[in-house]
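Only one structure is covered here, and it is reproduced in the block below.
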Amino acid sequence: MALIPCPACGRQVSAAAPACPGCGHPIATPADRPAAGFKEALTRPETIRSGFTVLGVFVAAPWIARILALFLFVALAVAVVWLKR
């Protein structure tokens, strides 16, 4: 379970706890907490890293496929020449 700070004392409390064990302040339920907006979700570092990863794969994948195809073609050509000896 995630730990969240108590709004009253700042102590780390389980998100599932009904109240803070230190001061007794009630902890908001997930339905009471405001949901993160779309804009905030897009600006999180994990989201930005994931976006760059997807972009990198999109750009690099054709080059990787071409290099692998060239390698396989050369290996096949060498095998054919070797077997025709």
Side-chain angles (χ1 to χ4, degrees):
M1 225 357 105
L3 293 177
I4 58 172
C6 171
C9 67
R11 182 178 178 178
Q12 293 293 314
V13 182
S14 170
C20 175
C23 67
H25 189 275
I27 304 298
T29 62
D32 297 339
R33 289 188 207 113
F38 185 69
K39 188 174 183 179
E40 288 83 16
L42 286 179
T43 57
R44 290 194 328 240
E46 306 88 45
T47 306
I48 294 170
R49 275 193 304 266
S50 296
F52 279 124
T53 301
V54 168
L55 181 64
V57 169
F58 179 76
V59 170
W63 291 102
I64 294 169
R66 288 180 190 141
I67 290 170
L68 287 174
L70 180 64
F71 175 75
L72 290 173
F73 176 75
V74 169
L76 183 61
V78 168
V80 168
V81 169
W82 183 263
L83 290 175
K84 283 194 174 185
R85 276 186 170 188

Practice task
Please examine the side chains of His25 and Cys9, heavy atoms only from C-beta on, and report whether any two atoms are closer than 4.5 Å.
Solution key: no
Fill in the blank from the handout: Between the SG atom in Cys20 and the CZ atom in Arg11, the distance rounded to the nearest 0.5 Å is 5.5 Å
Exercise for the section: Indicate yes or no: at least one non-hydrogen side-chain atom of Pro18 is less than 4.5 angstrom from one of Pro26. Expected result: no
Fill in the blank from the handout: What one should report as the nearest heavy-atom pair of Pro7 and Ile27 is CD-CD1, 4.2 Å
Fill in the blank from the handout: Between Val13 and Ala19 the two heavy atoms that sit nearest each other are CG1-O, 4.3 Å
